[in-house]
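Right, one structure below, let's go through it.
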2 protein chains.
Amino acid sequence: MSTRRPVRHATTARRTPTPALLELVAGRFRALGEPARLGILHALEHGPLSVTALVERTGLGQANLSKHLQQLHAAGFVSRSRRGMFVDYALADADVLRLCELMCGRLDDDLAATQAVMAPQRRSA
Amino acid sequence: MSTRRPVRHATTARRTPTPALLELVAGRFRALGEPARLGILHALEHGPLSVTALVERTGLGQANLSKHLQQLHAAGFVSRSRRGMFVDYALADADVLRLCELMCGRLDDDLAATQAVMAPQRRSA
DNA sequence: TGGCGGTATAACCATATCGGCATACGGTTA
DNA sequence: TAACCGTATGCCGATATGGTTATACCGCCA
């Protein structure tokens, strides 16, 4: 349910945003503003994983990981589902990766620009 | 310079991200993870503004605002330029708004979904 | 050159957040 | 039901971050 793509309400769009709305949006960006959580999302890129599996791939402590997963879930970036004794987490939708790719694209550009300034004539360094 | 659009290096793309890279990306998301800074970006949506002008539109204290502007600038979201005694800040590019729109779209969807669950038969509440 | 308006920085406090430890919760299996 | 495994939560110390006040910096103009 919720294809996420065609929907577009007027809720958050095109108006002077209230402080409460800004806080909501900011909270979601903040959820991505942590290397550990980005690592989790990256680990989920190729399919759902249980908490235990995520502990291995990310190297995070179990408790710590669990807390990060709660935050990602609260922000709507991952979905939760039980499988026997395990709990599988998965990327909620493709927009998550879109956000990261957009951000990475910006980073690439800026890094390239910085390099160009720092060493204009060198090939790579 | 730097059209930002067609460029796409291999730097951050498609590889197991190093901790340092994750930190870089996370830092940029964190720069957007603050209502005050989102408010600043919103204020700049229709054109460059000086710090003084931003103080008025955002209601932030001057020192506070200045610090937020430094962070946004460091993250590459705004550009700086002197005009006489003033310093004008402007959105660095259109991707900034793209990121916010993507995030707002997600929020809209989630809010709609929540409402649908909370009051399936009501029209609006 | 001195004063002034605009902007940035420093020092400070309050609060939020992360990571780790211990432990509680929830299913599953014996 | 009891023991057990996977997951979540409460508490703590360390650190980071935001907001305020005071002050330093820096072009401009008299």
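Order of the sequence lines fixes the chain letters, A, B, ..., with proteins taken first and strands second; residue numbering starts at 1 for each chain.
OP1 or OP2 of D:dG19 lies within a sub-4.0 Å distance of a side-chain N or O belonging to B:His68. In terms of phosphate contacts, A:Gln71 brings a side-chain nitrogen or oxygen within less than 4.0 Å of OP1 or OP2 of C:dC18.
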Below 3.5 Å, can you tabulate the donor-acceptor pairs from side chains in residues 79-86 of chain A to any protein atom, sequence neighbours excluded?
from, atom 1, to, atom 2, distance (Å)
A:Arg80, NH1, A:Gln70, OE1, 3.2
A:Arg80, NH1, A:Tyr89, OH, 2.8
A:Arg80, NH2, A:His73, NE2, 3.4
A:Arg83, NE, A:Asp88, OD2, 2.8
A:Arg83, NH2, A:Asp88, OD1, 3.2

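B:Ala43 and B:Leu54 get closest at one heavy-atom pair: CB-CD2, 3.8 Å.
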Protein-nucleotides 6-11 of chain C N/O pairs closer than 3.5 Å?
from, atom 1, to, atom 2, distance (Å)
C:dT7, OP1, B:Val51, N, 3.4
C:dT7, OP1, B:Val87, N, 3.1
C:dT7, OP2, B:Thr52, N, 2.8
C:dT7, OP2, B:Thr52, OG1, 2.1
C:dA8, OP1, B:Arg80, NH1, 3.3
C:dA8, OP1, B:Tyr89, OH, 2.7
C:dA8, OP2, B:Ser66, OG, 3.1
C:dA8, N7, B:Gln62, NE2, 2.9
C:dA8, N6, B:Gln62, OE1, 3.2

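Residues B:Ile40 and B:Leu65 are in side-chain contact: their nearest non-hydrogen atoms beyond the backbone lie under 4.5 Å apart. B:Phe29 has its side chain within reach of A:Met103: a pair of non-hydrogen atoms, C-beta onward, lies under 4.5 Å apart.
Mapped onto DNA chain C by nearest heavy atom, A:Gly61 and A:Arg30 fall at different nucleotides, with A:Arg30 at the one closer to the 5' end.
Put simply, the side chain of A:Arg106 gets close to the backbone of B:Gly76: a donor and an acceptor are under 3.5 Å apart.
Atom CG in A:Leu49 sits about 15 Å away from atom P in D:dG6, given to the nearest Å. The separation between A:Glu23 atom CD and D:dT17 atom C1' is 14 Å, rounded to whole Å.
For residues 53-72 of chain B, no residue pair satisfies the salt bridge (Lys or Arg N to Asp or Glu O under 4.0 Å) rule, not counting sequence neighbours.
Residue A:Arg83 is out of contact with every strand shown, counting any heavy-atom pair closer than 4.0 Å.
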